[in-house]
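Working notes, structure below.
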Amino acid sequence: MLTKLPKPLQLLFFKIILFALPRLIRLTARRSPSFRDELRKHNCLLQFRLKNNSAGRCLTFSDGQVSSTADIHPKPDAAIVFKNLEVALQILTPFADINFKVFAAKNFLMTLEGSDPITNWALQMVQRVFYEGFKYGEPMADGSQRYTTITNGGPLHVYVKDDKILRTTPIDFNGDDAESFSIKARGDEFAPKRQATVAPHALAAKGVVYSRNRLLYPMKRVDFDPCGERNPQNRGISGYQRISWDEALDTVAKEIKRQKREHGPGAIFMPTSSHHQWGNIGYYLSAHMRFGNCIGFTRMVMNPDSWEGWFWGAQHHVGHSLRSGAAPGYGTVEDCMKEADQIVFWSSDPESTNGVYGGFESTRRRLWARQRGMEFIHIDPHKNPTAQLLGGKWIPIRPQTDAALAMAVMNVWIAEELYDKDYVADKTTGFDEWKAYLLGEEDGVAKTPEWQESETGVPARDARALARSWANKKTYLPAPG
């Protein structure tokens with residue numbers, strides 16, 4: 001690692017890299033026609049330098065040619081500024097760690113000054129120096145090229161021909177890919193198919209790219225004049241017209257000034273995203289907050305409404321903090337396949353609610369359970385798709401009455417002494433009070449299967465059979481979602 005070297009050697013390597021950069025650019029331009037064409041797009045002076053101005057180099061781009069001088073220019077068209085030598089070396093090193101680049105951008109360890117179009121173009125050109133000429137994709141028999149991409153709904157193969165997407169499919173794995181996992185349970189072995197699974201919306205990626213409703217440039221309502229008649233009554237009614245990026249940015253800037261002038265800085269409200277990793281703009285410690293501090297704003301602090309909430313809530317309610325607050329599926333599947341005799345799907349329809357990012361990989365696992373001979377019980381007002389696919393016993397229940405059925409099940413466990421007394425004594429508190437309530441010793445009403453029948457609509461015989469089956473078999477209770 002260059003960052004482990006003494007400071008004088010770090011400075012030497014920094015100067016060598018910047019000295020070599022224009023030569024690499026010229027070499028890449030000779031080898032790549034597309035790079036050569038891109039190089040002609042801007043005539044500009046680009047500065048690379050350390051924040052303290054102790055070292056730097058100016059690159060001059062002119063009609064597709066590039067030259068450089070070792071100095072600090074007072075007024076470059078754009079500048080790429082590094083906080084210190086360590087940061088510069090980690091970013092400018094070939095095949096630098098992308099995670100560090102993101103970290104540096106979010107925490108202002110590297111900043112861009114001057115023209116946005118030029119700085120973005122320059123950074124892309126520097127990146128292409130290291131990757132130009134790489135062969136991507138795999139040629140197909142129909143003349144298309146097959147690429148691999150990742151979406152927030154799973155990985156895809158993308159087939160491209162003449163710069164157009166033909167189709168997308170889930171990935172098929174071959175012998176060059178990593179082996180799949182397998183589970184050995186009660187004499188059988190189970191392994192997933194050699195194909196990725198994706199959420200349905202992932203397969204709509206091509207439709208998103210070519211949608212006629214996709215916004216490719218700024219639009220303004222035809223009867224909206226930010227300096228005159230705004231006609232708010234026509235929102236959602238009147239059409240839109242295309243405007244330039246300059247007009248769009250000017251409009252936003254004027255509106256910010258108007259809000260502050262007429263209503264004060266507190267009138268501008270800025271929420272942050274739920275998650276810290278959602279880009280550089282929305283990140284609450286990055287450009288979003290810096291911009292808000294410059295203009296004055298009212299801040300909204302997000303509650304932990306996603307996995308952060310599950311993580312901390314699980315520690316207090318479930319007693320562990322594995323991953324996102326729930327036991328990882330790949331661990332419980334093996335345990336279930338080896339040990340369980342039946343699965344109770346209580347208010348659980350995973351065939352319909354497999355998660356916004358999830359594919360249908362869990363479907364195969366439930367079919368394994370059926371293949372292994374497990375019994376299934378479904379407690380739901382509807383005979384949902386999971387119950388229809390797997391079969392088993394369906395217990396229809398009136399909505400919002402599940403607590404009564406649960407108490408009746410526990411009543412049977414206690415009355416017939418079907419529960420694990422050692423576990424309850426060692427792992428719980430307040431059991432004696434709860435037992436008294438369930439048996440009716442506290443209020444004179446025993447929470448029996450007959451007691452719950454009129455509220456839930458579940459026959460007493462079914463509630464009692466459920467309790468006994470659950471207690472006498474190794475039972476797996478999946479998460480609702």
Side-chain angles (χ1 to χ4, degrees), residues 185-186 327 332-333 335-353 362-363 365-425 427-428 431-481:
R186 301 191 181 184
T332 61
V333 169
D335 186 50
C336 176
M337 290 294 294
K338 288 182 176 180
E339 303 295 337
D341 300 311
Q342 71 178 10
I343 300 177
V344 175
F345 293 92
W346 196 324
S347 186
S348 178
D349 180 19
E351 291 301 321
S352 301
T353 58
S362 61
T363 300
R365 299 167 190 168
R366 288 184 288 277
L367 293 175
W368 291 345
R370 187 173 69 175
Q371 177 184 338
R372 220 213 66 191
M374 272 191 220
E375 298 177 17
F376 302 107
I377 298 173
H378 308 271
I379 305 172
D380 197 298
H382 310 284
K383 191 171 186 180
N384 59 51
T386 302
Q388 296 174 44
L389 174 67
L390 299 178
K393 173 68 176 178
W394 171 42
I395 301 178
I397 187 172
R398 293 193 183 102
Q400 303 299 318
T401 65
D402 303 77
L405 177 60
M407 285 190 283
V409 168
M410 288 184 280
N411 172 279
V412 174
W413 289 347
I414 292 173
E416 299 184 7
E417 297 188 343
L418 300 175
Y419 65 96
D420 187 335
K421 300 179 183 62
D422 293 335
Y423 182 89
V424 168
K427 304 295 184 183
T428 69
F431 178 74
D432 290 337
E433 292 86 350
W434 182 238
K435 175 181 177 181
Y437 175 73
L438 292 175
L439 297 180
E441 297 170 1
E442 178 182 311
D443 57 4
V445 179
K447 312 310 182 289
T448 63
E450 288 75 19
W451 163 84
Q452 62 83 45
E453 185 170 352
S454 62
E455 181 176 352
T456 66
V458 176
R461 64 180 182 276
D462 289 344
R464 185 168 279 106
L466 170 65
R468 290 170 176 169
S469 175
W470 195 324
N472 289 302
K473 297 177 181 177
K474 290 185 176 180
T475 303
Y476 181 90
L477 185 68

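Keep in mind that what you see is a predicted model, and the values were worked out from it rather than measured.
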Enter the distance from Ile395:CD1 to Lys393:NZ here, rounded to the nearest 0.5 Å. 6.0 Å

To the closest 0.5 Å, what do you measure between CH2 (Trp368) and SG (Cys336)? 11.5 Å

Excluding sequence neighbours, so at least two apart, what forms salt bridge (Lys or Arg N to Asp or Glu O under 4.0 Å) with Arg398? none

Considering residues at least two apart in sequence or located in another chain, which fulfil the salt bridge (Lys or Arg N to Asp or Glu O under 4.0 Å) criterion with Asp443? Lys447

Distance-only, no hydrogens or angles: does the [X] side chain make a donor-acceptor pair with backbone N or O of [Y] under 3.5 Å?
X      : Y      : result
Arg372 : Met337 : yes
Gln452 : Pro449 : yes
Ser469 : Ala465 : no

Residue pairs meeting salt bridge (charged side-chain N to carboxylate O under 4.0 Å, His left out), one or both in residues 337-347, sequence neighbours left out, come to Arg186-Asp341, Glu334-Lys338, Glu339-Lys474

Any ring pair (Phe, Tyr, Trp, His ring centres under 6.0 Å) involving residues 452-473? Give me the pairs, sequence neighbours left out, ordered by first then second residue. Trp413-Trp470

With sequence neighbours excluded, what pairs up with Glu433 under the side-chain contact (heavy atoms from CB on, under 4.5 Å) test? none

Residues 376-385, side-chain donor-acceptor partners within the protein, below 3.5 Å, at least two apart:
{"unit_1": "His378", "atom_1": "NE2", "unit_2": "Gly391", "atom_2": "O", "d": "2.9"}
{"unit_1": "Asp380", "atom_1": "OD1", "unit_2": "His382", "atom_2": "N", "d": "2.9"}
{"unit_1": "Asp380", "atom_1": "OD2", "unit_2": "Asn384", "atom_2": "ND2", "d": "3.2"}
{"unit_1": "Asn384", "atom_1": "OD1", "unit_2": "Thr386", "atom_2": "N", "d": "3.1"}
{"unit_1": "Asn384", "atom_1": "OD1", "unit_2": "Ala387", "atom_2": "N", "d": "2.9"}

More than 12 foreign heavy atoms under 6.0 Å from NZ of Lys427: is that the case here? no

Less than 4.5 Å apart, side chain to side chain, heavy atoms only: is that true for [X] and [Y]?
X      : Y      : answer
Glu351 : Asp349 : yes
Thr448 : Val412 : no
Val344 : Tyr476 : no
Met407 : Trp451 : yes
Phe345 : Trp394 : no
Arg366 : Pro350 : yes
Pro478 : Trp346 : no

Determine whether the aromatic ring centres of residues Tyr437 and Trp434 are separated by less than 6.0 angstrom. yes

Quick one about Thr475 and Gln342 (side-chain donor to acceptor, distance below 3.5 Å, no hydrogens or angles considered), yes or no? yes

Which heavy atom of [X] sits nearest a heavy atom of [Y], and at what distance?
X      : Y      : value
Leu389 : Arg370 : O-NH1, 2.7 Å
Leu405 : Ala463 : CD1-CB, 3.7 Å
Leu438 : Asn411 : O-ND2, 2.9 Å

Centre of Tyr423's six-membered ring, under 6.0 Å away, within 45 degrees of the axis: is that where NZ or CZ of Lys421 sits? no

salt_bridge(Lys473, Glu375) N-O dist < 4.0 Å: yes

